[in-house]
*Asks:* 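First, the structure itself, so that you have it in front of you.
Both backbone and side-chain heavy atoms feed into the values below; hydrogens, waters and symmetry mates do not.
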Amino acid sequence: MEKGPLLYEGKAKKLFTTDTNNVLWVEYCDQATALNGARKEQIAGKGELNNQITSLIFEKLNRAGVTTHFIKQLSKTEQLNERVEIIPMEVVLRNVVAGSFAKRFGLEEGAVLSEPIVEFYYKNDALDDPFINDEHVKFLNIATDEEIAFLKAETRTINALLKKIWSEIGLTLVDFKLEFGRRADGTIILADEISPDTSRLWDAEGRHMDKDVFRRNIGDLIEVYTNVLTKLENGVK
Ligand code: UDP
């Protein structure tokens, strides 16, 4: 397969077309952002860690029967993805109180939710990705009732699989963000990435094994992500 011209450059990824219809060549970059891009840093090695972690997780989801955009890993920093039209919505699932959920409801981080909660955010940097409900999703023509129901159910299915994948290496899946895309035929499939950049993962001692080490300046991101990747590769706690 031949790499084509740059199609889009995001905060942490570059997307290139290829000589094959509907296949994108994706390169993970070293930029870390927080506060919706207001804080930016180059962290050497971050791109290759996220690409490798995301690839391993998507391979596991594909094998478990989830339809995803992931085709294959090409190199430490690159992967091939099916080209889809990204639905402009961040789908967040929470198993444990943390982050903006703790702030919004004035709660301490750490309480386990009796039922996982699915939330939607409108993907719009200029508006700081506002929290939206099902009716806003319909008003904004982002998705229909049927699609909303599918997105919620699919996110819960993916949560069950991810919880197991992370718990096998001793990590609690606190919360995570997913993005979905539409194929030309309208089918909705899982897209984007799943990594410590997009998931909160706590170890048995309650240490943060995710981007919160960068957001909160409480540790070395490369050391933490390397630890996560090594555990995933070796399947050990
Ligand atoms: N998240 C993400 N991208 C975003 C916002 C959130 O990947 O633009 C992830 C984040 O890593 C966490 C989950 O979604 O795993 C919930 O994040 P939260 O709403 O608590 O926001 P934060 O505290 O990160 O601002």
*Asks:* Among Ile, Leu, Val, Met, Phe, Trp and Tyr joined by side-chain contacts under 4.5 Å, find the other residues sharing a cluster with W25 and list them by chain and number.
*Replies:*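 W25 clusters with M1, L6, F16, V23, I71, L74, L80.
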*Asks:* If the condition is salt bridge (Lys or Arg N to Asp or Glu O under 4.0 Å), which residues does E179 pass it with, not counting sequence neighbours?
*Replies:* K123, K177
*Asks:* Once you measure the plane-to-plane angle for F180 and F150, does it fall in the parallel (<30°), tilted (30-60°) or perpendicular (>60°) bin?
*Replies:* perpendicular
*Asks:* I'd like to check the salt bridge (Lys or Arg N to Asp or Glu O under 4.0 Å) partners of E233; sequence neighbours left out, ordered by chain and number.
*Replies:* none
*Asks:* The criterion is side chain to side chain contact (heavy atoms under 4.5 Å, CB included); which residues satisfy it with E85, sequence neighbours excluded?
*Replies:* none
*Asks:* Residues sharing F131's hydrophobic cluster, by side-chain heavy-atom contacts under 4.5 Å among ILVMFWY, directly or via others?
*Replies:*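 Grouped by the 4.5 Å side-chain rule, V92, Y121 form the rest of the cluster around F131.
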*Asks:* Got a sec, which residues hit salt bridge (Lys or Arg N to Asp or Glu O under 4.0 Å) with E119, two or more places apart in sequence or on another chain?
*Replies:* R94, R104
*Asks:* Using a 4.5 Å cut-off between side-chain heavy atoms of Ile, Leu, Val, Met, Phe, Trp and Tyr, which other residues end up in the same hydrophobic cluster as V112?
*Replies:* V96, V174, W202
*Asks:* Show which residues join V84 in its hydrophobic cluster (side-chain heavy-atom contacts under 4.5 Å, direct or indirect), or state none.
*Replies:*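 Result for V84 is I86, I189.
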*Asks:* Using the salt bridge (charged side-chain N to carboxylate O under 4.0 Å, His left out) rule, collect all pairs that involve residues 54-75, keeping only residues at least two apart or in two chains.
*Replies:* none
*Asks:* Tell me every residue that passes salt bridge (Lys or Arg N to Asp or Glu O under 4.0 Å) with K152, counting only those two or more places apart in sequence or in another chain.
*Replies:*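 For K152, the residues satisfying salt bridge (Lys or Arg N to Asp or Glu O under 4.0 Å) (neighbours in sequence not counted) are D134.
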*Asks:* Do any pairs count as a salt bridge (charged side-chain N to carboxylate O under 4.0 Å, His left out) and have a residue in residues 157-166, sequence neighbours left out, and if so which ones?
*Replies:* K164-E168
*Asks:* Could you pull out every donor-acceptor pair under 3.5 Å between side chains of residues 30-37 and any protein atom, sequence neighbours left out?
*Replies:*
residue: D30; atom: OD1; partner: G45; partner atom: N; Å: 3.4
residue: D30; atom: OD1; partner: K46; partner atom: N; Å: 3.3
residue: D30; atom: OD1; partner: G47; partner atom: N; Å: 2.8
residue: D30; atom: OD2; partner: G45; partner atom: N; Å: 3.4
residue: Q31; atom: NE2; partner: K11; partner atom: O; Å: 3.0
residue: N36; atom: ND2; partner: D125; partner atom: O; Å: 3.2
residue: N36; atom: ND2; partner: D128; partner atom: OD1; Å: 2.6

